[in-house]
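So that the names make sense, note that chain A is the first sequence line, chain B the second, and so on, each numbered from 1.
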Number of protein chains: 2
Amino acid sequence: MSSADGGGARVEIMGGFAKGLAIIELFGLERPRLTVSDAANGAGLTRAAARRCLLTLEGLGYVEFDGKYFAPRARLRRLGGVAAYATGLAERAQPLIEQLCEELNEPISVAVLDNDASLFIARAEAHRIVSTGVRLGARIPAYCSATGRVLLSGLEPMEVDQYLGRIKPVARTPKGVTDLAALKALIGQASMEGVSFSDEELELGMRSMAVPIHNVAGDIIAACSLSTSASRVTLDEMKRVYLPRLEAVASAIRG
Amino acid sequence: MSSADGGGARVEIMGGFAKGLAIIELFGLERPRLTVSDAANGAGLTRAAARRCLLTLEGLGYVEFDGKYFAPRARLRRLGGVAAYATGLAERAQPLIEQLCEELNEPISVAVLDNDASLFIARAEAHRIVSTGVRLGARIPAYCSATGRVLLSGLEPMEVDQYLGRIKPVARTPKGVTDLAALKALIGQASMEGVSFSDEELELGMRSMAVPIHNVAGDIIAACSLSTSASRVTLDEMKRVYLPRLEAVASAIRG
DNA sequence: TGACTATCGTTCGTTATCCGAACATACTGT
DNA sequence: ACAGTATGTTCGGATAACGAACGATAGTCA
């Protein structure tokens, strides 16, 4: 049952993959969690096959298991892609970040994680003769930006390890962090503190901070950042004055 | 390498399923489409294995193939689940449907598709002594509601066929439609016209219409409906007076 | 408390799914 | 025209995935 003979060639369809997708599609608002039997009945599979699918999903970090029920993790919810889970975010964020930008006179951006990079999808430009910050549509490797570290902190531990296993960090300034263990620690710190700072790592003289934007389920779907000149604003001032405002905007943007 | 020996028992992990998920995760804003070689390189698989994964996804309606590139379809974008792709929709819709409700004095609702049913996630109640419409949190089989037909029209043809293959329609009133071919035609009509009507099928005396709510990618992620009393409003009046207003609200809610 | 039912975890011999190397064909760039 | 690259196809076989069966566990009810 894994070959389809449509005319000429024999096309091998992967039966196990098809079964697994059928299991994934069972989860919904009415069925936020499944037992093995639920899954087998719902997808029309044997109990053993359904169990293997769910264990594969658990092993890869897509679902969690409490001893009886399997339930989706953030990684599963993100499987539809950023075009699905962060849809419309840029449009909703724009007026809010422009307002904050007007107030603080510093550039504010929103970024999503896309193929190991921070992709900047919204930006409000400060009215300064010389402004800092990343341009709209830019992609920056996630490891060396404040937004990137916040976005990475929303991944499952296994995803973080997979990510660190495939990057080759390069420092852009003398202050750039490239050690994998140090990067992992910074990601962990972003997770614990709900904020990340990048101090002259992208460009000398520029310092940024970023906070997460969550969806209703609590998943981190984007990051909101503020950039400023190191000569104008100290790190401490960023924390005391700017951070509460940025957090409030990120909260208002929430998906 | 599909068994993991964690202590005691041998757990069979499904290698083909794991490979398929790795392929799915490659799609992103930077990579909206993939060739077979792109996928093989990106997921660290052989070209043949990557190709079988992509052909499986195509065969099941998750991706489309133009002869060279594979690109996600709506079904793939929905794989993260309604909690991901329609996140925050209820909160964003509520003020807008309350405003329309105030204006027309008819109840307005928003529903998503969840496990073959319309799940009502937002509702604005008309200030009438006797009001019609579905209560918040209710689930109605998709085949017999205007919202359900609109939501089903957003599915891939294969998904619609799979859906029709697993339901057993029951008429709730003498006007209820239960013939599978007729239901398929109604779903097709909702797709073509961008609106669906349910005239006394749920409850005698109650008539409804629903229009789709799209995300930025154009996927139907929810439906917006208005219900009224058949004795008060004709079908023609619904079309002439109410439909444009409902479409405008649905457009404003857009994900 | 015990009988009964439902569900789950595990086993393992079997089988057919999925594998990938190799070859042919198509496409692209110079 | 030709070299290099990419893609489609084939098919024998290795092993991944299978599921029936059994024992264990959990829940229910009298």
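Contact annotation: A:Arg51 side-chain N/O to C:dT10 OP1/OP2 distance is under 4.0 Å. Within the structure, every side-chain polar atom (N or O) of B:Arg47 is placed at least 4.0 Å from both OP1 and OP2 of C:dG20. An OP1 or OP2 oxygen of C:dC19 is reached within less than 4.0 angstrom by a side-chain nitrogen or oxygen of B:Lys19. Listed pair A:Thr46 / D:dA20 fails the phosphate criterion, with no side-chain N or O lying under 4.0 Å from OP1 or OP2. OP1 or OP2 of D:dT5 has not a single side-chain nitrogen or oxygen of B:Ser37 nearer than 4.0 Å.
Rounded to a whole Å, the NZ atom of B:Lys68 is 10 Å from the P atom of C:dC27. Counting to the nearest Å, the P atom of D:dA16 and the CD1 atom of B:Ile13 are 13 Å from each other. In this entry the distance linking OH of A:Tyr69 with P of C:dT7 reads 11 Å, nearest Å. Rounded to whole Å, the distance from CD on A:Glu58 to P on C:dG9 is 11 Å. Protein atom CG of B:Asp38 is 11 Å distant from nucleotide atom C1' of D:dA6, rounded to whole Å. Going from atom CG of B:Leu45 over to atom P of C:dG20 covers 8 Å, rounded to whole Å.
Between A:Phe17 and A:Val36, the one whose closest nucleotide on DNA chain C sits nearer the 5' end is A:Val36. Mapping A:Gly67 and A:Gly16 onto DNA chain C by nearest heavy atom places A:Gly67 at the nucleotide closer to the 5' end.
Counting non-hydrogen atoms under 4.0 angstrom, A:Phe65 reaches the backbone sugars and phosphates but no base. Contacts of B:Ala48 with the nucleic acid, taken as non-hydrogen atoms under 4.0 Å apart, include base atoms.
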Query raised in the report: Could you go step by step and tell me if B:Ser208 and B:Ser225 meet the side chain to side chain donor-acceptor pair (under 3.5 Å) rule?
Result: CA-CA 7 Å; B:Ser208 314; B:Ser225 68; over 6 Å; no

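Salt bridge B:Glu58/B:Arg51: absent, no basic N to carboxylate O contact under 4.0 Å. A salt bridge is absent between B:Asp38 and B:Arg31; no separation between the charged side-chain nitrogens and carboxylate oxygens falls under 4.0 Å. The pair A:Arg139-A:Asp114 counts as a salt bridge, with a side-chain nitrogen and a carboxylate oxygen less than 4.0 angstrom apart. Contact check on B:Glu91 versus A:Arg254 returns no salt bridge, with no Lys/Arg side-chain nitrogen under 4.0 Å from an Asp/Glu carboxylate oxygen.
End-to-end axis angle of the helix from C:dT1-D:dA30 to C:dT30-D:dA1, using five pairs per end and rounding to 10°, comes to 60°.
You'll find the side chain of B:Val63 stays beyond 4.5 Å of the side chain of B:Arg75, heavy atoms only.
Geometrically, A:Arg73 does not engage A:Tyr62 in a cation-pi contact defined by less than 6.0 Å to the ring centre and at most 45° from the axis.
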